[in-house]
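Numbers restart at 1 for each chain; the letters A, B, ... are given by sequence-line order, proteins then strands.
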2 protein chains.
Amino acid sequence: MNQTQPDHDPTRERILDEAERLFAEKGFAAVSVREITAAAHCNLAAVNYHFGGKQALYLDVFRHRWLPRAQKVGERLKDLAKGEPPTAEEVVRGITGIFFSAFASEQERQRHAMLMMRELSQPGEALELVFKEAIRPNFEIIMRLLKPHLPPQLETQKIFLYLFSIFAQLIYFNMARLPVMRATGREYDEAFVAELVGHITDFSLNGLPLRSGPNT
Amino acid sequence: MNQTQPDHDPTRERILDEAERLFAEKGFAAVSVREITAAAHCNLAAVNYHFGGKQALYLDVFRHRWLPRAQKVGERLKDLAKGEPPTAEEVVRGITGIFFSAFASEQERQRHAMLMMRELSQPGEALELVFKEAIRPNFEIIMRLLKPHLPPQLETQKIFLYLFSIFAQLIYFNMARLPVMRATGREYDEAFVAELVGHITDFSLNGLPLRSGPNT
DNA sequence: GTCTATAGCAGGATAGAC
DNA sequence: GTCTATCCTGCTATAGAC
């Protein structure tokens with residue numbers, strides 16, 4: 001659809017797909033190039049030919065898979081600001097809803113969250129990329145949307161803490177699926193995801209120090 | 001202090017300490033036994049002698065380091081229930097406060113959170129242990145403390161979501177330190193940790209659907 | 001209980017045929 | 001671009017001296 005050229009090389013794309021999946025599931029060190037190339041049904045040497053090495057492949061996973069999706073989230077956040085200035089509830093519901101709907105599948109969202117988490121907890125080269133190209137711009141969009149609803153004397157530093165609290169939940173519920181499933185007895189199906197979005201929205205909306213109640 | 005025997009073998013203890021630090025920082029696969037034994041100033045073969053192998057050492061880190069601390073958290077949660085039934089605010093402030101104060105140091109708390117996170121996101125053998133011996137009993141204590149303040153018809157399943165939302169923040173703020181520091185311009189010193197505890201408490205307390213306001 | 005030495009294997013990377 | 005074959009490093013684990 002959005003690839004005007006037939007997206008370069010199908011082998012390259014398959015490697016990126018499988019590498020992302022495996023890196024997200026197991027982490028960089030626990031995945032071998034052999035495992036990736038076997039999953040991508042190509043030769044061991046293909047990783048070096050196309051990317052130059054394992055570490056470079058990891059970075060390219062962020063560049064060509066993670067970032068484009070994060071930017072899609074950014075686009076949809078910008079859409080929120082298009083019409084009338086949104087209410088606080090619309091902003092918070094927008095953030096959670098977008099985060100849970102901007103991805104093509106359950107697994108894609110989970111992988112996205114896990115990769116982010118791994119980088120956040122263990123800052124590496126990829127985090128710089130992620131910071132500059134995704135987190136910072138997206139946070140700024142949210143900031144602008146949310147600021148009118150917060151007390152004017154509230155410091156930016158504090159607002160960040162609120163955003164992190166929302167963020168923490170978005171990541172956690174996508175990452176710690178097994179404990180969540182065990183505790184609630186639910187599967188991550190459409191109905192449960194909708195409940196999660198509702199829960200995170202309500203919890204966060206009430207947690208924010210809004211100027212005049214949750215509906216302004 | 002609480003080791004009646006001189007805690008077995010000092011080499012064994014040093015290995016457990018360094019192994020925990022390294023596993024928390026880098027993850028199981030990214031740490032080599034050589035790295036651990038070098039850090040513990042002992043011989044490469046000591047890990048096999050004392051624990052039987054790398055994987056077994058990892059499990060023992062949870063058994064002998066992680067779990068005892070989690071159980072200390074549990075003890076302090078039980079203390080909350082000792083006197084008069086605590087208010088909702090006391091419960092939530094208790095949870096966050098205990099989580100931020102039950103550890104001997106900044107680093108210990110960070111390591112604790114990171115190890116938990118790694119296991120949560122990538123369920124392995126250690127998660128069973130963690131679940132049965134720490135997460136489940138501690139959640140049950142909190143449940144009992146919190147239930148009187150929540151609407152009686154609120155399903156247990158929903159209460160778990162609230163607990164997870166609090167939990168998510170506790171883990172996130174201990175794990176994603178670099179982004180938090182960058183965004184706020186703060187160090188994780190005593191003052192900032194106190195602010196974090198206050199923030200998580202307020203945010204979560206307001207997020208809960210309390211029966212009659214945050215102070216009952 | 002601690003060490004050295006080494007077996008045995010899996011890892012990333014590369015050279016060179018096709 | 002893709003493959004096979006291979007190099008070489010670094011890993012876990014163990015045997016056996018002390």
**Complete:** One should read off an interatomic distance between B:L67 CG and B:K132 NZ, to the nearest 0.5 angstrom, of 11.0 Å

**Prompt:** Within the structure, does a side-chain N or O atom of A:T11 lie under 4.0 Å from either OP1 or OP2 of D:dG1?
**Reply:** no

**Request:** Write down the distance between CD (B:E13) and P (C:dT2), rounded to a whole number of angstrom.
**Result:** 12 Å

**Message:** Taking the cut-offs as 6.0 angstrom to the six-membered ring centre and 45 degrees off its axis, would you call A:R177 and A:Y188 a cation-pi pair?
**Reply:** yes

**Centroid separation B:F160 to B:F167 less than 6.0 Å** = no

**Asked** Can B:R118 be said to sit on top of B:F23's aromatic six-ring, NZ or CZ under 6.0 Å from centre and within 45° of the ring axis?
**Response** no

**Message:** What residues from residues 14-30 of chain A pass a heavy-atom cutoff of under 4.0 Å to DNA chain D?
**Reply:** none

**Prompt:** Are A:E18 and A:R21 close enough for a salt bridge, meaning some N to O gap below 4.0 Å?
**Reply:** yes

**Prompt:** Distance from A:L127 atom CG to A:F62 atom CZ, nearest 0.5 Å?
**Reply:** 8.5 Å

**Message:** Quick test of your reading of the model: are B:R182 and A:E128 salt-bridged, counting only N-O distances below 4.0 Å?
**Reply:** yes

**Message:** Test of understanding: with ring-ring contact (aromatic ring centres under 6.0 Å, His included), list the residues that count as partners of B:H50, not counting sequence neighbours.
**Reply:** none

**Request:** At under 4.0 Å between heavy atoms, which parts of nucleotides 3-15 of chain C does protein reach? Answer with one letter per nucleotide, 5' to 3': B base, S sugar-phosphate only, - none.
**Result:** BB------BBBB-

